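For reference, the structure discussed in these notes is given below.
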Amino acid sequence: MNFEELQAFAGRNPMLSLALAGLTVAIIATEIARLFRGYKPLKPAELTRLINADDALVVDLSASGDFEKGHIAGSRNVSPSQFDPAGKLLANAKQSPVVLVCRSGAASATAAKRLKKAGFEQVYWLEGGIAAWQQAELPLVKGKGR
């Protein structure tokens, strides 16, 4: 297929060509925004390394009942409605690695954005949440935690 054939196809199918161009631009824009957002997703193995090597603060945004059923060892529980980047839990962690965790990964990604806007330097979120942690067959601790 050469360029002339592509032009002929685009001329015969303008709606398909516009849709392809629009989707291509959307994908490129999304990827560029992801690269520059300032907070990073972590896989479960990467989170384990960050906890062990850099003593990361892990904040679990699950409801307290879900937290008690199972959470990552050493994580601290804060409900999403009470999550405050200026709160005492995070007061001394502006330069430290902070990892946000929730059940699915959606709430933690939103909270990571808030932390980055508040000036935190090393912000991460567990991609896929506790479900991804369990799928990687990593242990959870039951009970209230700290």
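Every value quoted in this text rests on a predicted model; they were computed, and no experiment measured them.
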Taking only distance into account, with no hydrogens and no angle test, what donor-acceptor pairs under 3.5 Å do side-chain atoms of residues 43-54 form with protein atoms, sequence neighbours excluded?
unit_1: K43; atom_1: NZ; unit_2: E127; atom_2: OE1; d: 3.0
unit_1: E46; atom_1: OE1; unit_2: K43; atom_2: N; d: 2.7
unit_1: T48; atom_1: OG1; unit_2: P44; atom_2: O; d: 3.1
unit_1: N52; atom_1: ND2; unit_2: T48; atom_2: O; d: 3.3

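- Sorted by first then second residue, the side-chain hydrogen bond (donor to acceptor under 3.5 Å, both in side chains) pairs that include residues 3-30, not counting sequence neighbours, number zero.
- The side-chain heavy atoms of V98 and Q122, taken from C-beta on, include no pair separated by under 4.5 Å.
- Counting heavy atoms of neighbouring residues, nucleotides and ligands inside a 6.0 Å radius, atom CG of N92 does not exceed 12 of them.
- Residue V59 is not grouped with residue V101 when hydrophobic side chains (ILVMFWY) are merged at heavy-atom distances under 4.5 angstrom, including chains of intermediate members.
- Side-chain contact check for W125 versus Y39: some heavy-atom pair is nearer than 4.5 Å.
- In terms of heavy atoms, G105 sits closest to C102 at N-SG, 3.0 Å.
- For the pair L89 and R76, the tightest heavy-atom approach, listed with the atom from each and the gap, is CD1-NH1, 3.5 Å.
- Heavy-atom contacts from other residues, nucleotides or ligands closer than 6.0 Å to NZ of K40 number 12 or fewer.
- Connection of F67 to V58 is not established within any shared hydrophobic cluster, with ILVMFWY side chains joined at heavy-atom distances below 4.5 Å, either directly or through further cluster members.
- Atoms CG and NE2, on N77 and H71 in that order, are 8.5 Å from each other to the nearest 0.5 Å.
- Transitive grouping of hydrophobic side chains (ILVMFWY, heavy atoms separated by less than 4.5 Å) keeps I72 and V141 in distinct clusters.
- Annotation: side chain of L100 is in contact with side chain of L115 (closest heavy-atom distance under 4.5 Å).
- Two residues are said to be in side-chain contact when any heavy atoms from C-beta on lie closer than 4.5 Å; L57 and L90 meet this criterion.
- Counting only residues at least two apart or in different chains, side-chain hydrogen bond (donor to acceptor under 3.5 Å, both in side chains) contacts with residues 94-106 comprise S62-R103.
- Using a 4.5 Å heavy-atom threshold, the side chains of P41 and Y124 count as separate.
- E121 meets the salt bridge (charged side-chain N to carboxylate O under 4.0 Å, His left out) test with no other residue; sequence neighbours excluded.
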Can you give each donor-acceptor pair under 3.5 Å made by side-chain atoms of residues 128-137, sequence neighbours left out, with the distance rounded to 0.1 Å?
unit_1: W133; atom_1: NE1; unit_2: P139; atom_2: O; d: 2.8

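- In this structure, V99 and A56 approach most closely via the heavy-atom pair CG2-CB, 4.1 Å.
- Residues satisfying the salt bridge (charged side-chain N to carboxylate O under 4.0 Å, His left out) test with E31, not counting sequence neighbours, are R34.
- Heavy-atom minimum distance, S75 versus D60: OG-CB, 4.2 Å.
- Scanning all heavy atoms of the two residues, the minimum distance from P85 to A118 falls at CB-CB, 3.6 Å.
- The shortest distance between side-chain heavy atoms of L61 and F83 falls below 4.5 Å.
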